[in-house]
Amino acid sequence: MTDDNRFYITTAISYPNGNPHIGHAYELIATDAMARFQRCDGKTVHFITGTDEHGQKMLQTARREGIEVQALADRNSVKFKEMAETLNASNDDFVRTSEARHHAACREIWQRLEAAGDIYKDSYAGWYSVREEAYYQESETEVRGDGVRYGPQNTPVEWVEEESYFFRLSAYQDRLLEHYEEHPEFIGPPERRNEIVSFVKSGLRDLSMSRTTFDWGIKVPNDERHVMYVWVDALTNYLTGVGYPDEGDARWPFWPADLHVIGKDITRFHCVYWPAFLMSAGLPLPKRIFSHGFLFNRGEKMSKSVGNVVDPFALVETYGLDPVRYFFLREVPFGQDGSYSHDAIVGRINADLANDLGNLAQRSLSMIAKNCGGIVPAFGEPDEADRAILSAVDALLPQLREAMAAQATHAALASIFALVADANRYFAAQEPWALKKSDPERMGSVLYVTAEIVRQIAIACQPFMPSSSAALLDLLGVAEDARGFDRLGEGGRLASGSELPAPKPVFPRYVEPESIKDS
RNA sequence: GGCGGAGUAGCUCAGUCGGUUAGAGCAGAGGAAUCAUAAUCCUUGUGUCGGGAGUUCGAAUCUCUCCUCCGCUACCA
């Protein structure tokens, strides 16, 4: 097995001080589709997700609920694992930052940074808002008439000095810029890359790397009064997931990661701090970091006060898993913000899945069942129309690879569904139902071509809609071991003469529950 | 304020190293067909390509300017 056949992909790890929400689900679905895509394309994939369980907020939530913080982490982490199962995520591992293996990885990283001379002790001082637990620049604060200094959120601030370890981030400015320059694909999409380059060019300050104000975290080696700053802790999970610090671990060759999929809000931590840490530790850098956008409910940001928070479990319950996966991956250009609504989801489900793809499969397969004894018909001498549509389908894989190399799930699905539309046009133009009497052999050829197109489309859809695609491939009698992308194109043609199971609909239309009551 | 991005059909967007009559999907209207999940297929758009000016034989595509919206501008993540 060669290095370039491995593919290591990660989601950001979620902060489990509450329940999983749609944003967590979105990232996991998209990353899962990318992981599955690479597997289908023959790569040996390692895909991890997890939870980031330390920090003051977890401590506060636990205190508020009157439970131990570890108990809170255990309880909520389970919810994220359940979400992964509900979404049919194919992650190979789930890293929890409270696990011993992760502590070991973080200690090792810390010591590497220290050995590189990039860690030093100093004091961190600033105007601190106790209520917000945040430091502010003096310029962000003001002394009001009551003689008290206030922060930007109108809470009182006080001067606080805290002993802290620092990381010489400032020393990495040039090397980071050089890396961005030499590896333009390091950060995607391009607008995020521009922002990061501009940020780094504006100058980097050293980074406070430890806290002494709370103790729910990973202890700094040889100075247990300090716990590590959240990002050292959180980012290192990507190393934990491949067995670090044991570089003899079977998973270690997966490093460096091929792709970190993250939300745009944490771009800087991944594109500036993370590579700097890795450079300092003498480890290779991930190949690419891609920031996706946020999802909005009918164009409005989700918030508890507006009452439009959508639970991913409820969404799956209402529409079904694969339709939900399809909707997010197809509707939202990955990397941009997106909007979802009941109408939009139903529109996609019914138009694309039920009417176009589902119906294409059903209309062709039921004709085979009724007119060909359920046996894949012979493919006679192809005519112009056959050749045209088959060559279009056979050309799909490079388009998919190109789209997915840029994390453009929407573009990949657009390519696939353009073929679905072509196939419906082909079917309507050939009128196999009319050929039934006039030219049964030709009818067989048309049905063969259509089924072959459905086969390839189903194979291509596997990363996005695993269960539904499997159901389609079952209906076509495609063996489990004949579903990889190496079977796309001419080489994998459906075998004439093979017996098919009775066709059944794979993508039901979404019908409003209300209309049932009304009628 | 600084840097950057965006403004194209009712909706979501594609198209921009300048070049034939500016495109797709969805929604709407009309028609055909009946294999199929009442699904499908065909036909149908007078769009100031944000406003204005400029460069050019020619601009949605380049330049300038104005308007509007958005992102980034470090230690909550």
Side-chain angles (χ1 to χ4, degrees), chain A residues 12-15 17 52 54-58 60 124 126 128-129 132-137 153 164 166-167 169-170 189-211 229-232 234 262-269 272-273 291 293-294 299 330-333 336-339 341 343-344 347-371 410-411 414 417-418 420-421 423-436 443 446-447 450 503-511:
Chain A
I13 50 178
S14 306
Y15 201 64
N17 66 334
D52 169 23
H54 295 128
Q56 198 157 27
K57 280 192 180 155
M58 284 293 283
Q60 286 167 340
Y124 187 68
Y128 183 74
S129 163
E132 298 167 55
E133 295 134 20
Y135 282 93
Y136 292 104
Q137 300 283 314
Q153 308 297 322
S164 174
F166 281 79
F167 173 73
L169 184 64
S170 58
E191 53 269 33
R192 295 278 100 77
R193 178 175 182 277
N194 292 342
E195 288 172 8
I196 291 298
V197 169
S198 143
F199 170 75
V200 173
K201 275 186 179 162
S202 75
L204 293 177
R205 296 206 293 270
D206 287 351
L207 190 65
S208 167
M209 288 283 271
S210 70
R211 293 293 132 91
Y229 170 57
V230 58
W231 282 109
V232 191
I262 61 170
K264 65 180 184 181
D265 53 332
I266 54 176
T267 307
R268 185 198 311 146
F269 308 102
V272 181
Y273 299 177
S291 300
F294 297 148
R330 172 67 184 88
E331 182 86 358
V332 182
Q336 295 180 29
D337 290 345
S339 185
S341 65
D343 288 349
R348 279 293 177 193
I349 293 174
N350 288 349
D352 294 3
L353 298 181
N355 296 353
D356 281 358
L357 177 53
N359 186 51
L360 174 69
Q362 188 66 11
R363 68 198 304 202
S364 53
L365 292 176
S366 59
M367 278 199 79
I368 291 176
K370 287 175 190 167
N371 304 299
H410 60 291
F417 278 76
V420 176
N424 271 313
R425 278 189 282 275
Y426 167 83
F427 199 84
Q430 298 301 315
E431 303 186 337
W433 54 90
L435 294 167
K436 182 159 59 171
M443 174 197 74
V446 170
L447 295 178
T450 307
K504 54 178 183 241
V506 173
F507 297 106
R509 283 180 68 80
Y510 178 87
V511 181

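In the text below, chain A, chain B and the rest are named by the order of the sequence lines, each starting its count at 1. Values reported hereafter were calculated over all heavy atoms of this structure, with side chains retained and with hydrogens, waters and symmetry mates removed.
Closest to the side chain of A:W433, from the set B:A77, B:A14, B:A33, is B:A33. In this structure, of B:C75, B:A36, B:A74, it is B:A74 that holds the atom nearest to the side chain of A:L204. Comparing B:G71, B:A77, B:C35 by their closest approach to the side chain of A:R192 singles out B:G71.
Without hydrogens or angle criteria, A:D356 side chain to A:A421 main chain gives no donor-acceptor distance under 3.5 Å. Between the side chain of A:S170 and the backbone N or O of A:D206, no donor-acceptor pair lies under 3.5 Å. Checked by atom type and distance alone, the side chain of A:N17 never pairs as donor or acceptor with a backbone atom of A:M58 at under 3.5 Å. In this structure a side-chain-to-backbone donor-acceptor pair under 3.5 Å is present from A:D337 to A:F294.
Look at the C1' atom in both B:G28 and B:U65: the space between them is 39 Å, to the nearest Å. Comparing B:U43 with B:A6, their C1' atoms are spaced 35 Å from each other, to the whole Å. B:A53 and B:C13: their P atoms are spaced 29 Å apart (whole Å). B:G5 and B:C17 are spaced 16 Å apart, taking the P atom of each and rounding to whole Å. Rounded to whole Å, the P atom of B:G45 lies 13 Å from the corresponding atom of B:A22. Using atom P as the reference point in both B:A24 and B:U68, the two lie 34 Å apart (nearest Å).
Between A:K436 atom NZ and B:A33 atom P the separation is 17 Å, expressed in whole Å. If you measure from atom CZ of A:R330 to atom P of B:C26, you get 10 Å, rounded to the nearest angstrom. Taking atom CG on A:D52 and atom C1' on B:C76, their separation rounds to 12 Å, with Å as the unit. As rounded to whole Å, 5 Å separates atom P of B:A77 from atom OH of A:Y229. Whole-Å rounding puts the A:Y510 OH to B:C26 C1' distance at 19 Å. The separation between A:Q60 atom CD and B:A77 atom C1' is 13 Å, rounded to whole Å. Atoms CG (A:D265) and P (B:A74) sit 16 Å apart, rounded to a whole Å. The separation between A:D352 atom CG and B:A27 atom C1' is 14 Å, rounded to whole Å.
With sequence neighbours left out, the ring pair (Phe, Tyr, Trp, His ring centres under 6.0 Å) criterion links A:F417 to A:Y326. Here A:S366 pairs with nothing under the side-chain hydrogen bond (donor to acceptor under 3.5 Å, both in side chains) rule; sequence neighbours left out. Taking the side-chain hydrogen bond (donor to acceptor under 3.5 Å, both in side chains) definition, one finds that A:N424 meets it with A:R363, sequence neighbours left out.
Considering only heavy atoms from C-beta on, A:F507 stays 4.5 Å or farther from A:N355 through its side chain. A:M367 is listed as a side-chain neighbour of A:M443, based on a closest heavy-atom distance under 4.5 Å. Within the 4.5 Å cutoff, side-chain heavy atoms of A:S208 are placed close to those of A:F166.
Nearer the 5' end of RNA chain B, as judged by each residue's closest nucleotide, is the contact made by A:K370, out of A:K370 and A:Y273.
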Could you walk me through whether A:E195 and A:T267 pass the side chain to side chain contact (heavy atoms under 4.5 Å, CB included) test, one step at a time? CA-CA 9 Å; A:E195 288 172 8; A:T267 307; over 6 Å; no
Derivation and outcome, side chain to side chain contact (heavy atoms under 4.5 Å, CB included), residues A:D352 and A:V420: CA-CA 9 Å; A:D352 294 3; A:V420 176; over 6 Å; no
For the pair A:W231 and A:Y273, evaluate ring pair (Phe, Tyr, Trp, His ring centres under 6.0 Å) and give the outcome as yes or no after the intermediate values. CA-CA 8 Å; A:W231 282 109; A:Y273 299 177; 7.5 Å; no
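Residue A:R348 is out of contact with every strand shown, counting any heavy-atom pair closer than 4.0 Å. At the heavy-atom level, A:F199 lies under 4.0 Å from base atoms of the strands shown. At a threshold of 4.0 angstrom between heavy atoms, the contacts of A:L365 with the nucleic acid are absent. Within the nucleic acid shown, A:S366 comes within 4.0 Å of sugar-phosphate atoms alone, with no base atom in reach, counting heavy atoms only. Residue contacts for A:G203: at a heavy-atom cut-off of 4.0 Å it reaches a base atom on one of the strands shown. Base engagement by A:D206 is indicated by at least one non-hydrogen atom pair under 4.0 Å involving a base atom.
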Show me the protein contacts with nucleotides 1-4 of chain B, counting only N or O atoms at under 3.5 Å.
none

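Taking a pair as Watson-Crick or G-U wobble with both distances under 3.5 Å, RNA chain B forms stems of 3 or more consecutive pairs at B:1-7 with B:67-73, B:10-13 with B:23-26, B:28-32 with B:40-44, B:50-54 with B:62-66.
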Indicate for each nucleotide in nucleotides 37-43 of chain B, in 5' to 3' sequence, whether protein heavy atoms under 4.0 Å reach the base (B), only the sugar-phosphate (S), or nothing (-). B-SSSS-
